[in-house]
2 protein chains.
Amino acid sequence: MAERLAHYVTLTPSEEEALGQLEQQERSFRRGATVRGENDLGRELFIVQKGWLYSCVLLSNGSRQIMRFHFPGDVVGVTSLAFGRSIDSITAVTDAVLCPFDKDRLATVFEEHPRLSALIFSISLAERASLADRLASVGRTSARARVASLLCELLARLRVTGGADLLEFHVPLTQEEIGDATGLTAVHVNRMMRSLVDDGLIARNGSTIRILDEARLTAEVNFINRYAQLDTSWLPGAR
Amino acid sequence: MAERLAHYVTLTPSEEEALGQLEQQERSFRRGATVRGENDLGRELFIVQKGWLYSCVLLSNGSRQIMRFHFPGDVVGVTSLAFGRSIDSITAVTDAVLCPFDKDRLATVFEEHPRLSALIFSISLAERASLADRLASVGRTSARARVASLLCELLARLRVTGGADLLEFHVPLTQEEIGDATGLTAVHVNRMMRSLVDDGLIARNGSTIRILDEARLTAEVNFINRYAQLDTSWLPGAR
DNA sequence: CGACCCCTTGATTAGCCTCAACAACCGTGG
DNA sequence: CCACGGTTGTTGAGGCTAATCAAGGGGTCG
């Protein structure tokens, strides 16, 4: 996590130590395992060390909405910080390793490291912006654009750690999971993926996706990369 | 705003003063006016004194997605805090009065009032949860449920200031605006509203809506009130 | 090897959109 | 005061997108 935050500001030793405190424990989860269910009472947050996860809600009609996929370096469970119970459930897409820590630890950070807390707040706002983008995508664009948009988001986020020139990446998601993130059925996701392939925008090889025509892909989606840069000019001084 | 935060914790005099600092200026906007456009450079946030507003994004296909409606006491523009430019535009639904303040003022709050900043963070997380609920609604439920869900959300939020027994409220929104919030066309919003009226769930009189059968309405939507209570147990000590 | 999961494709259905027309209401200006 | 244009709400008809239902194939794990 310290590594992630260091992308945006230069951390002081004291800040680095405070962040290190949060990553002392480790817990492993198997592919498909539920880290935390909806309505659970847990007071824990998690930092992802390894693997992909997603957070989702289950609806009374039996369907599911995936809110966000989580990669190494992400903090998951933050959304439930403000509530007594967990508001979503967290599931491992692949085998994963997480570092759990208690809410109270975050209070310490807020108390002692104003700049870190403002930065964590900023990152949370970037995630919220990304959620808003997804809402716009699901609410107001075609099925094909929604799928393309999700691919663009995954690509942009993987590039943060995988290099800005990344064009080919492994997607361990089932088409049903992609559907649950984009508000589509698995069947229709399949057709839209095929349509993207047929039009030469992407290529697929098993679960590996290669971007063939990034310009046309992003143009079709009006995608905005929320992770490229944050405005850190307003942050208070470091301690 | 101090009044709003006082719902969750008892503010210290020093905290109250810090919040008062944010509400020193006032600016008025006419119905339909744009407070701040997408991509604007402004470093301002706003506290709503009077009126309804919404924040939305415009898509390249000409459509619009409304992210959230804002009422008196809300802080608007927070989402753009983390970015150099505004990520959404803010428009006045009715004549409105706002108190603008600069990002830097918030930095001061983060520096000097850890509990307030954690609380502001929590409220931002509650808004994010509400956005997630909307996404689930738009992505995975029927048109009728989406409209009903929006009505439930408005009702729950108006009750925070209007009293818990509120059943009848004025909705200054056009059906097109409701459609842009729920991912529907104005025509279909109209049909769904009619269907809710025909089934005896709500009654309409001009732009006033009365909830006739709240139990059935909320049951149809699996609505969760994100504003009723926040978990403040983890907050750091006050200053 | 069998069971299960996931992908794929086809046929049909349903929900929501589009287009269109008209009524009601509002603020504006003559 | 009334005429007017513009906006909003309402309703109908028809079309298209995505869902549903269904069936088969490939891969993986026990």
Side-chain angles (χ1 to χ4, degrees), chain A residues 30-33 52 59 61-66 91-95 137-150 170-198 202-209 220, chain B residues 30-33 52 54 59 61-66 91-95 137-151 170-198 202-209 220:
Chain A
R30 300 300 304 273
R31 172 172 177 280
W52 284 35
L59 280 73
N61 60 17
S63 59
R64 175 175 74 161
Q65 176 70 47
I66 292 180
T91 307
V93 175
T94 65
D95 290 351
S137 168
V138 171
R140 285 297 185 215
T141 72
S142 69
R144 174 166 149 143
R146 290 187 224 175
V147 173
S149 169
L150 181 65
H170 177 70
V171 179
L173 306 173
T174 66
Q175 293 181 350
E176 185 168 1
E177 285 162 342
I178 295 175
D180 284 338
T182 53
L184 299 169
T185 58
V187 172
H188 208 60
V189 168
N190 184 286
R191 290 191 231 269
M192 294 304 102
M193 295 275 273
R194 179 174 182 70
S195 133
L196 292 174
V197 170
D198 288 348
I202 63 171
R204 283 182 304 171
N205 183 0
S207 54
T208 297
I209 287 184
E220 197 164 318
Chain B
R30 301 299 304 274
R31 172 174 179 279
W52 284 35
Y54 61 79
L59 280 73
N61 60 17
S63 59
R64 175 175 73 162
Q65 176 70 48
I66 293 181
T91 307
V93 174
T94 64
D95 290 350
S137 168
V138 171
R140 287 298 187 213
T141 73
S142 70
R144 174 166 150 142
R146 291 187 223 175
V147 173
S149 169
L150 181 65
L151 293 179
H170 177 69
V171 178
L173 307 173
T174 66
Q175 293 181 349
E176 185 167 2
E177 286 163 342
I178 296 176
D180 284 337
T182 53
L184 299 169
T185 58
V187 172
H188 209 60
V189 168
N190 184 288
R191 290 192 232 269
M192 295 303 103
M193 296 275 273
R194 180 175 180 71
S195 135
L196 291 173
V197 170
D198 288 348
I202 64 170
R204 283 182 303 173
N205 184 358
S207 55
T208 297
I209 288 185
E220 198 163 317

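Atom set for the values below is all heavy atoms of this structure, side chains included, hydrogens, waters and symmetry mates excluded. In what follows, every chain begins at residue 1, and chains take the letters A, B, ... in the order their sequences are listed.
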Kindly give the atom pairs (protein nitrogen or oxygen, nucleotide nitrogen or oxygen) under 3.5 Å for nucleotides 24-29 of chain C.
none

Output the rounded distance in Å from [atom1] ([X]) to [atom2] ([N]).
| X | N | atom1 | atom2 | result |
| --- | --- | --- | --- | --- |
| B:Asn190 | D:dT10 | CG | P | 5 Å |
| A:Met193 | C:dC6 | CE | P | 15 Å |
| A:Arg194 | C:dC6 | CZ | C1' | 17 Å |

(message) Expected output is a numbered-order residue list: members of residues 171-181 of chain A with a heavy atom under 4.0 Å from any atom of DNA chain D. What is it?
(response) none
(message) A side-chain contact here means heavy atoms from C-beta on lying under 4.5 Å apart; do B:Trp52 and B:Glu177 qualify?
(response) no
Look for any protein N or O under 3.5 Å of an N or O in nucleotides 18-26 of chain D and output each such pair with its distance, or none.
{"residue": "D:dA18", "atom": "OP1", "partner": "A:Ala143", "partner atom": "N", "Å": "2.8"}
{"residue": "D:dA19", "atom": "OP1", "partner": "A:Thr185", "partner atom": "N", "Å": "3.3"}
{"residue": "D:dA19", "atom": "OP2", "partner": "A:Thr185", "partner atom": "N", "Å": "3.4"}
{"residue": "D:dA19", "atom": "OP2", "partner": "A:Thr185", "partner atom": "OG1", "Å": "3.0"}
{"residue": "D:dT20", "atom": "O4", "partner": "A:Arg191", "partner atom": "NH2", "Å": "3.3"}

What side-chain donor-acceptor pairs closer than 3.5 Å can you find for residues 184-191 of chain B, not counting sequence neighbours?
{"residue": "B:Thr185", "atom": "OG1", "partner": "B:His188", "partner atom": "N", "Å": "3.3"}
{"residue": "B:Asn190", "atom": "ND2", "partner": "B:Gln175", "partner atom": "OE1", "Å": "2.9"}

(request) Fill in the dot-bracket string of DNA chain D, one character per base: . for unpaired, | for a pair to another strand, ( ) or [ ] for pairs within the strand, taking Watson-Crick or G-U pairs under 3.5 Å. (result) ||||||||||||||||||||||||||||||
(request) Inspect the contact between A:Asp95 and A:Arg30 and indicate whether a charged nitrogen and a carboxylate oxygen are less than 4.0 angstrom apart. (result) yes
(message) Keeping B:Arg140 on the side-chain end and A:Ser63 on the backbone end, is there a donor-acceptor pair under 3.5 Å?
(response) no
(request) Please identify each residue that fulfils salt bridge (charged side-chain N to carboxylate O under 4.0 Å, His left out) with B:Arg144, with sequence neighbours left out. (result) B:Asp199, B:Glu220
